[in-house]
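Inspection log for the structure reproduced underneath, given as C-alpha cells.
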Amino acid sequence: MEPEPEPSSPQEPQESQELDVELILDGLNKVQRDAVVSDAEVLQILAPPGSGKTRTLTSRVAYMLANGMSPSNIIVATFTNKASKEMKERISKMIGGGLEHRLIIGTFHSIATKYLRKYGHLIGLPKEFGIADTGDSSNVISRIIKRNKYSTMDGSDAGNVRSRISTLKAKMQSVDDYIASQKKANSTDEFSKIYDQYEKELKNSNLLDFDDLLLRCLDLLRAHPLCVSNIESVLIDEFQDTNLVQFDLMCLFAQRRNKITIVGDPDQSIYGFRAAEIGNLKTMQQVYPNTIVLNLEENYRSAAAILNCSLEVIQQDKARPQKGITPTHQLGTSPVLRKLPSPHFEAQWIVQEILRLRALTGNMFTFDDIAILVRSAGLARDIEPQMNNQRIPYRLIAGTKFFERQEVKPVLDYLRVIIDPNNSEALARVVNIPKRRLGSKSVEGLVAEAHKRGISIWTLICKGVRGDLKFEAPISKLGEQSLCQFIKVIKDIRKLLESAELAMKHDIAPIIQSLLDKIGYRAHIENMQKPGEERWVHVEELIEQATEFCNNLAAGFDDDLPDSDADAVVIEESTISIALGRFLANAALATVKESPEAENSQASEGVLTISTIHNAKGLEWPIVFVPGCYTGSIPHSRSEDTDEERRLLYVAMTRAQVLLYLSYPSELRDRKSGDKQESNLCTFLAEDKLKPLMKSAGPKISLAVIEEFGKIMGRECPTIEKIQETTKAANLPNRDDYVPSDDPSVNNYGTYTENEFQEDYDDDFDDHEGYNSRNSYSRTTTTRNYNQSSTSAYNRSNSYSTNRTTMTTAFSAQSTTIQGFRSANSHMHSLVNSQLEAEVDVRRVAFKRKSDGISGDNNDTKQSQSKSVKQKTDSKSKPKPKNTLANYFQKAPVKETDALPETRTGTSAPEPATKGPTLTKPPKQEKYIYLSSSPERPPPRNEIINQNHHLQEQMRRNPPVSNFTSVSGMVNGSSYMAPTTMSRMAGNTANAGSSTSRPASAVPLKTLGMRRSMSGWNDRHGTKK
DNA sequence: AGCCTCCCACTTTTT
DNA sequence: GTGGGAGGCT
Ligand SMILES: Nc1ncnc2c1ncn2[C@@H]1O[C@H](COP(=O)(O)OP(=O)(O)OP(=O)(O)O)[C@@H](O)[C@H]1O
C-alpha cells in the first residue's frame, strides 16, 4: 500500500498567496531569495554568523506553505524547542492563517517523540513510555555500579559513565558493537557490563533516554516508511551540530521525496562533546550527489570591528579554510578587552559599565539589549549579586533547569508514577518524599529485590504490604505502614484521573493539587527550605504551567502528528491521561531554565540575559559581555578539543551587534586553599594581531558613537535632551575609568572635579554638528543600503516614520542651540530655559511617546513600541525571544485565514502530497552556481576526502551486524561507493570511529594540505585528534 | 535503621 | 552552592 502517485495537480497559488510570496521575500538579499525559492532537491546553505541563515530557512518554509504545501507534510528540525517556537511565530507573521501550528517542527528529539508516541506500537514500544533525562540515566547507572560493587568505579562516576554511554549510542554503537570493538576483556569490561545493564534497566522501567528517542525512531521509520510517506520537505537548522543518528533520521524523514534543506556553519560547531558530527556536511553531499550548496557572505548583525576581531580568532584554526564574511555595517566601536583584579570586580565593572552605557546614551539600550555570556554556569554566580545590588533585572539561562529544581522534580516523578506505576526509577525517587521512614537502605533494598525477582518495585511493594510475599529488603514496621499510605495515594490519584477522564475534563492541575494535598507536599517543602527561600512558588508555577499546557492541548495547539498512511492502527485513548503524558514528555525535553514567572516581573527597562555561550547559539544582542576569558575557562581546563573552545569564543563574540566586551580576572581564588592564583588571558585573545583591534577600556560615548549605534541597530537615536537628562542623573564620567573597590565611600570612578567632569562632556559633544539632521531625515542615505532590490521592507529605518517630520523640526531647532553648549549642565540649562519653549508642541509629542513606552518597553522609539506590542501578544508563554528573532517581518500583515481544506481530527487519510514547492515566479531561471559568492568552491564531489566516521562505519561493518545500521546506503547507495572515495575510505578505515584503538602503524591521514584546497564552507577543519 | 547536621570535594558545555 | 559521606542522636 505504497501511497500513490503524485497528486494530479499542485494547488495553484491563489492571489493572496502571491502576495505572501512578496512579503516572504521582502528584505532578503539576492542569494537569500534564491535560497528561499530554489527548487533544488537538496540544498545546503552554509554561511557565517549573522548572515541570515535562520531567517532564510524560515522564509523558505513560509514560501513552501504559501505555495500550497501542506504544513503537516513538512518537517523542520531546530536546535532547541525555543527556536522552533520562534520560527513558528515568524512564519505566522509572514503567512498567517495558523498554518504554522500544523508544521512538524521541533528538535529532533521532540519530533522523534511524536512519531514514537503515535507509531511506537508498530515496533513493539509500550505506548506510555517515559523519557529518562540525564538525571534519571545517572541514577540508574549509579545504582548499577553500587549493586555490583565494581572495582574501578563508584557512584560518583555515574555521570561520566552516562556520557560515555551516550556518546556511544550517538555513534550508533550498541553494547555488542562496543564489546566487539574492545579487543579483549580488561578493565573496560566493567563499563560494557554497565552499558548492558543500563539498557536493560531502562527497558524494564519503560524508559527511553535521549539517544533512545532518536534510535528507536530510526528503527520505526526504517521498518515502517509509511509513517513518513506524506513528508514532502525536510528542513534543518544548525546542521553543523547534528550527530550521526540525527543525520540518518533526516534521511529517513525525507525518504519519500528526498527534499532536504539544511543551514549551518562549520565554524559554529560547538557540540562535539555531544557527538555532533561535522562530517555530516560532506556525507550529505555524498549521499545526495545532487546537493546544491549556497553561501551567504554578508553579515547583517555586527559592526565591522566586531567581525574583524572574531575573524582574527577563528582564523587561528590553521586547518580552517579561508572564507569570506562581508560586513554590511560600518566599523563601529572597537571591542574591549579589559583585565580586572578578580571575578568579583570583573562583575562589578560589568555592572558599572552597563549603567554608564545606558546613562550616556540616553537609555538607548534597555536591559533586553544586553547579554552576559559565560563559558560555564558557575561563572554567573560571581555576577548575580552585583546585578542584585544595582537592581538590574536579569534572567539566568544556565545550569539547572526549572523542571529539575529540587522542589519541582519530585512532583513530576510522582506524576510519572501515577501514569505508570511500573516506572521504578521515578518510584524509587519519590517513595520517601516526604519522609516515610524509608531511608536509603530500605529503598536500595527494594530496588535490589525487585530487580532480583524480575518485577517492578510497584508490584513488589503491593505484594509486600498485602502479605503476598515477605520483603527481603529491610523495611521497618513504620516504614511498611507508610508504604501502605503511599500505595493508597497513588491508587487514589489514579482513580481520580479515571473519573476525570470520564467527566471529559482536560486540566490536570486539579489532579496535581490533590496529589500534593494528600502527601502534604507544601509542608514538606516549607520545612526543608532555608529561611528566605520561597520554593513553593515554583510548585505553584508548575501547576500553572500544567493548566496552560492542557488548555493549549484542548484548544488544538497540540503537537499531534498529522494522520498518515500508517494510521490503520490508531490507538484511541482518553484525553486527560494523554495530556498528562504529554506534559511530562514536554518537561523532559524542555529547555526552560528559569522560572517562567520571572518574566512578568519587570517591564519597562527590560530584562538582561545571563547565559552560557552554548545557550546563546543563534541569538544576538546589541551589547555582549564575555567575562572569564582566561585559560582554564576558555579554553576550559576540562575540554578535550581546543578548536571547539575557540569556536565557542567565536560564537560568543559574533552574538554582538554594536558593543563587545571581553574581560578576565587576573587573579582567581583557588577552590581548595582559598589562595590567590594567577590567571592568564585566554590564548585565543592573546594574539598580537588582535591587539590593535581592541581597546583596553570601554568607549567614550559621543554623539557620533551614539549615531553609529543607531545605524547598526537600525534604531532611532535618542534626542540630545534625553541624553543629557540621563547623563546628568547618573552623574558618571564619560570614560571607563572604573576603579575596583567595595568601599561604599569610594567612588568607583575616582574623584572628579566638576571641571574634569565637564571637560568630558565638552570633548564628548564637540562633534555633535549635524547630529540632529542626520538622525532625522537623512538616515537612509547615511546607512548603507544592503539590498539590491529597492523593495527592501527590511530597511529598518522606515519602521518608525510616524513622528519623523515633527521630530525633525525639533532637532533642527535644537541644533542651533547646541552649537555652543559647554557641558552637560549648561546644555541642560539651555534646553530648559530657552529655545525649547518654542517647541512646546514637539515636546508634548515626545512626552506622549515616552509615556506610550511606559506600558511596554521604556525605550521611546517607534521601533520598540512595535516590539512591545509584539511582546504583549506572546509574553505569557515563555522566555522572550531575543532580538534575533524578534524583528523579522514585523510589519507583515496577517493574512486572512484561508479555509483549510483538511480536517485534523480522526483518522482521515493523509494529506495528499503536493508536488514540490511550485515556483510561481522564480526571480531568475538560472542554474545555481552560487558555490560562488565565495572565492573558493567545493571540489567535484568525488574528490571530497572522506573523513567521516559514518561512512567508515558502513565500510567496517559489512555486512552490518549491529542493531544500528545506517540508512544512508538505502538513500543512494551508489553515490559513496565511487572508486575514488572507496580507496580513500579503505585507507582511513584503520582509524574508523575509534580514537582508542588506533594502530600505531596506521599513520593518521594528515589531510591538512588537501583540506586547505577545499572550499571553505564545506569544511570546518581537519580531522579530530 | 532513619534522619539530622556538619564537613569536604567538586562544579563544562546539553537535547 | 550541593551532593555525598561520616558521625551522632532517636
Ligand atoms: N537581507 C537582510 N537584510 C538585513 N538584515 C538581515 C538580512 N538577513 C538577515 N538579517 C538580519 O541579520 C541578523 C542575523 O540573522 P540570522 O539570525 O538569521 O543569522 P544566522 O546566519 O542564522 O546567524 P547565526 O549563524 O549566528 O545563527 C538578524 O537580525 C536578521 O534580521
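Fair warning: this is a prediction, and the values are worked out from it, not measured in the lab. Below, chain A is the first sequence line, B the second, and so on; all start at residue 1.
- The CZ atom of A/Phe239 sits 19 Å away from the P atom of B/dT15 (whole-angstrom rounding).
- The CG atom of A/Asp241 sits 13 Å away from the P atom of B/dT14 (whole-angstrom rounding).
- Atom P of nucleotide B/dT13 and atom CZ of A/Arg162 are separated by 13 Å, given to the nearest angstrom.
- Residue A/Ile105 contributes atom CD1, which lies 16 Å from atom C1' of B/dT15 at whole-angstrom precision.
- Looking at heavy-atom distances under 4.0 Å, A/Arg638 makes contact with a base.
- Among residues two or more places apart in sequence or in another chain, the side-chain contact (heavy atoms from CB on, under 4.5 Å) test is passed with A/Ala377 by A/Ala398.
- Here A/Phe108 lies out of heavy-atom contact (under 4.0 Å) with every strand.
- A/Phe273 qualifies as a stacking partner of the B/dT13 base, centre to centre under 5.5 Å and near-parallel within 30°.
- Base engagement by A/Thr134 is indicated by at least one non-hydrogen atom pair under 4.0 Å involving a base atom.
- Between the P atom of B/dT14 and the CG atom of A/Leu589 lies a distance of 16 Å, rounded to the nearest Å.
- We find that the ring of A/His614 and the base of B/dT13 do not stack by the test of centres under 5.5 angstrom and planes tilted less than 30°.
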Run A/Leu214 and A/Leu249 through side chain to side chain contact (heavy atoms under 4.5 Å, CB included) and show every step you take.
CA-CA 7 Å; A/Leu214 304 178; A/Leu249 260 184; 3.7 Å; yes
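- Taking atom NZ of residue A/Lys441 and atom P of nucleotide C/dA6, one finds them 10 Å apart after rounding to whole Å.
- Toward the 5′ end of DNA chain B lies the nearest nucleotide of A/Asn432, the other residue of the pair A/Asn432 and A/Gln246 mapping further downstream.
- Applying the salt bridge (Lys or Arg N to Asp or Glu O under 4.0 Å) test to pairs two or more places apart or on separate chains, those with a residue in residues 439-449 of chain A are A/Glu449-A/Arg453.
- For A/Arg375, taking side-chain heavy atoms from C-beta onward, the closest of the listed nucleotides B/dT13, B/dA1, B/dT14 is B/dT13.
- Contacts of A/Thr654 classified as side-chain contact (heavy atoms from CB on, under 4.5 Å), with partners at least two apart in sequence or in another chain: A/Pro49, A/Ser310, A/Tyr650.
- Among the atoms of the strands shown, none is found under 4.0 Å from any heavy atom of A/Ser476.
- Classified by interplanar angle (parallel below 30°, tilted 30° to 60°, perpendicular above 60°), the ring pair A/His538/A/Phe402 is perpendicular.
- In this structure, A/Phe273 has its ring center closer than 6.0 angstrom to the ring center of A/His614.
- Using a 4.0 Å heavy-atom distance criterion, A/Glu404 is classed as making no nucleic acid contact.
- With rounding to whole Å, A/Asp212 atom CG is found 18 Å from B/dT15 atom P.
- Here the nucleotide nearest the side chain of A/Lys435, chosen from B/dC3, B/dT15, B/dT13, is B/dC3.
- A sub-4.0 Å separation between OP1 or OP2 of B/dT15 and a side-chain N or O of A/Lys401 is present.
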Report the secondary structure of DNA chain B in dot-bracket form, marking unpaired bases with a dot and bases paired to a different strand with |, and treating Watson-Crick or G-U pairs with both distances under 3.5 Å as paired.
|||||||||......
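- Remark: A/Asn615 is not in phosphate contact with B/dT13, judged by side-chain N or O atoms under 4.0 Å from OP1 or OP2.
- Scored by the ring pair (Phe, Tyr, Trp, His ring centres under 6.0 Å) test, A/Phe108 finds no partners at all (sequence neighbours excluded).
- Every residue meeting the side-chain hydrogen bond (donor to acceptor under 3.5 Å, both in side chains) condition with A/Thr242, not counting sequence neighbours, appears here in chain and number order: A/Asn280.
- Rounded to an integer number of Å, the gap from CD1 of A/Ile613 to P of B/dT14 is 11 Å.
- At a threshold of 4.0 angstrom between heavy atoms, the contacts of A/Ala377 are confined to the sugar-phosphate backbone, with no base atom among them.
- Where A/Arg437 and A/Asn139 each meet DNA chain C at their nearest nucleotide, the meeting point lying more 5' is that of A/Asn139.
- Distance from the side chain of A/Arg381 is smallest for C/dG1 among the nucleotides B/dT13, B/dC3, C/dG1.
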